[in-house]
Novice: 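Before we start, here is the structure in question, set down as structure tokens.
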Amino acid sequence: MNYWLVKSEPDAWSWQQQVASGARGEAWNGVRNHAAKLNLMRMKKGDQAFFYHSNIGKEIVGIVEIVREHYPDPTDKSGKFVCVDVKALKALPKPVTLAAIKADPRFAEMALIKLSRLSVQPVTATDWKALCKMGGL
DNA sequence: GCCAACGTTGGC
DNA sequence: GCCAACGTTGGC
């Protein structure tokens with residue numbers, strides 16, 4: 001199983017909306033960046049991803065599971081981009097803030113820090129476990 | 001194919 | 001609201 005991190009501005013799509021969408025999941029669409037697209041295409045059903053709130057909150061608030069692998073993004077008229085379906089798995093008891101991640105040297109190499117604009121990014125198993133622990137899981 | 005201009009993202 | 005980083009566009 002692989003681990004990922006996906007970002008969303010709560011104004012556009014929040015964790016609360018993700019939870020409300022229920023067990024069937026919801027399309028993670030709107031990605032218009034080729035590096036992010038490549039990561040979407042590498043996601044497998046059953047993989048898990050951190051759900052990160054950018055801009056407002058700037059923290060990891062929960063975990064989602066990939067329930068449908070990549071398919072053409074219906075919101076992309078050019079037909080070049082893809083999306084996946086994700087469902088909310090669980091919330092983090094203690095959201096992990098960007099400030100906390102930045103303050104911890106273990107995470108200095110994370111894409112979240114180094115490639116701050118990448119909206120879909122891989123997370124190593126080591127980082128995943130450490131972040132879950134920080135989040136109270 | 002290079003590169004300047006411009007647009008977007010996202011932290012501060 | 002500003003600005004740095006970075007992707008994309010378009011003139012040459």
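Convention: sequence-line order gives letters A, B, ...; per-chain numbering from 1. Since the structure is predicted, the reported quantities are computational estimates derived from the model, not experimental observations.
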Novice: So, the side chain of Asn39(A) versus the backbone of Val120(A): is there a donor-acceptor pair under 3.5 Å, distance only?
Specialist: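 Answer holds: yes.
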
Novice: Are Trp15(A) and Leu92(A) connected in the hydrophobic side-chain network, where two residues link if heavy atoms are under 4.5 Å apart?
Specialist: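 In one cluster with Trp15(A): Leu92(A), no.
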
Novice: Nearest-Å distance, CG (Leu118(A)) to P (dG11(B))?
Specialist: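 In whole Å, dG11(B) P lies 12 Å from Leu118(A) CG.
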
Novice: Would you mind telling me which of dG11(B), dC6(C), dG7(C) lies closest to the side-chain atoms of Lys7(A)?
Specialist: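 Among the listed nucleotides, the one closest to the side chain of Lys7(A) is dG11(B).
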
Novice: Can you measure Ile113(A) atom CD1 to dA5(C) atom P for me and round it to whole angstrom units?
Specialist: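 To the nearest whole Å, that distance equals 15 Å.
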
Novice: Between Glu65(A) (side chain only) and Lys87(A) (backbone N and O only), is there a donor and an acceptor less than 3.5 Å apart?
Specialist: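 No: the side chain of Glu65(A) does not pair with the backbone of Lys87(A).
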
Novice: Roughly how many Å is it from CG in Asn33(A) to C1' in dC6(C), rounded to a whole number?
Specialist: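 Interatomic distance, CG of Asn33(A) to C1' of dC6(C): 9 Å.
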
Novice: Using the rule that Ile, Leu, Val, Met, Phe, Trp and Tyr join whenever any side-chain heavy atoms are under 4.5 Å apart, tell me whether Leu40(A) and Val6(A) fall into a single cluster.
Specialist: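 Yes, it is one cluster - the side chains of Leu40(A) and Val6(A) are joined through contacts under 4.5 Å.
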
Novice: Please report, rounded to the nearest Å, how far the P atom of dG11(B) is from the NZ atom of Lys114(A).
Specialist: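 Rounded to whole Å, this separation is 17 Å.
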
Novice: Residues from residues 95-107 of chain A sitting under 4.0 Å of DNA chain B, heavy atoms only?
Specialist: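 Listed by number, they are Leu98(A), Lys102(A).
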
Novice: Phosphate oxygens OP1/OP2 of dG11(B): is one of them under 4.0 Å from a side-chain N or O of Tyr52(A)?
Specialist: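 Yes, such a contact exists.
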
Novice: Compute the bend angle of the helix from dG1(B)-dC12(C) to dC12(B)-dG1(C) from the end axes (five pairs per end), rounded to 10°.
Specialist: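 Inter-axis angle at the termini of the helix from dG1(B)-dC12(C) to dC12(B)-dG1(C): 10°.
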
Novice: Roughly how many Å is it from NZ in Lys37(A) to P in dC6(C), rounded to a whole number?
Specialist: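 Rounded to whole Å, this separation is 22 Å.
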
Novice: Between P on dG11(B) and CE on Met110(A), what's the gap in Å once rounded to a whole number?
Specialist: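 Taking CE of Met110(A) and P of dG11(B), I get 12 Å after rounding.
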
Novice: Between Arg32(A) and Ser116(A), just flag the one whose closest nucleotide in DNA chain C comes earlier from the 5' side.
Specialist: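 Between the two, 5'-proximity favours Ser116(A).
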
Novice: Arg117(A) side chain: which of dG10(B), dC6(C), dG7(C) is closest?
Specialist: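 Within the option list, the nearest is dC6(C).
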
Novice: For a side-chain hydrogen bond (donor to acceptor under 3.5 Å, both in side chains) check, start with the C-alpha distance between Trp28(A) and Asp85(A), then their side-chain angles and the critical distance, and finish with the verdict.
Specialist: CA-CA 6 Å; Trp28(A) 191 270; Asp85(A) 285 0; over 6 Å; no

Novice: Charged N to carboxylate O below 4.0 Å: is that the case for Arg32(A) and Asp73(A)?
Specialist: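 Looking at Asp73(A) together with Arg32(A), the answer is yes, because their closest N to O distance falls below 4.0 Å.
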
Novice: Return the minimal non-hydrogen interatomic distance between Lys7(A) and Leu118(A), and the atom names on each side.
Specialist: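 Closest pair (atom of Lys7(A), atom of Leu118(A), distance): CE-O, 3.3 Å.
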
Novice: Which whole-number value in Å describes the distance from Ile60(A) CD1 to dG11(B) P?
Specialist: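 Checked: the CD1 to P distance equals 12 Å.
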
Novice: Are Val86(A) and Trp13(A) grouped together when hydrophobic residues (ILVMFWY) are joined by side-chain heavy atoms under 4.5 angstrom apart?
Specialist: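 Yes, one cluster joins them.
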
Novice: Please tell me whether Leu112(A) and Met134(A) are part of a single hydrophobic cluster in this structure, the criterion being side-chain heavy atoms less than 4.5 Å apart.
Specialist: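 Yes, Leu112(A) connects to Met134(A) through the hydrophobic network.
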
Novice: Heavy atoms from C-beta onward define the side chain here; which of dT8(C), dG10(B), dC12(B) lies closest to that of Lys58(A)?
Specialist: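 Looking only at side-chain atoms, Lys58(A) lies closest to dC12(B).
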
Novice: Rounded to whole angstroms, how far apart are CD1 on Ile56(A) and P on dG1(C)?
Specialist: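 The distance from CD1 of Ile56(A) to P of dG1(C) comes to 14 Å, rounded to the nearest Å.
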
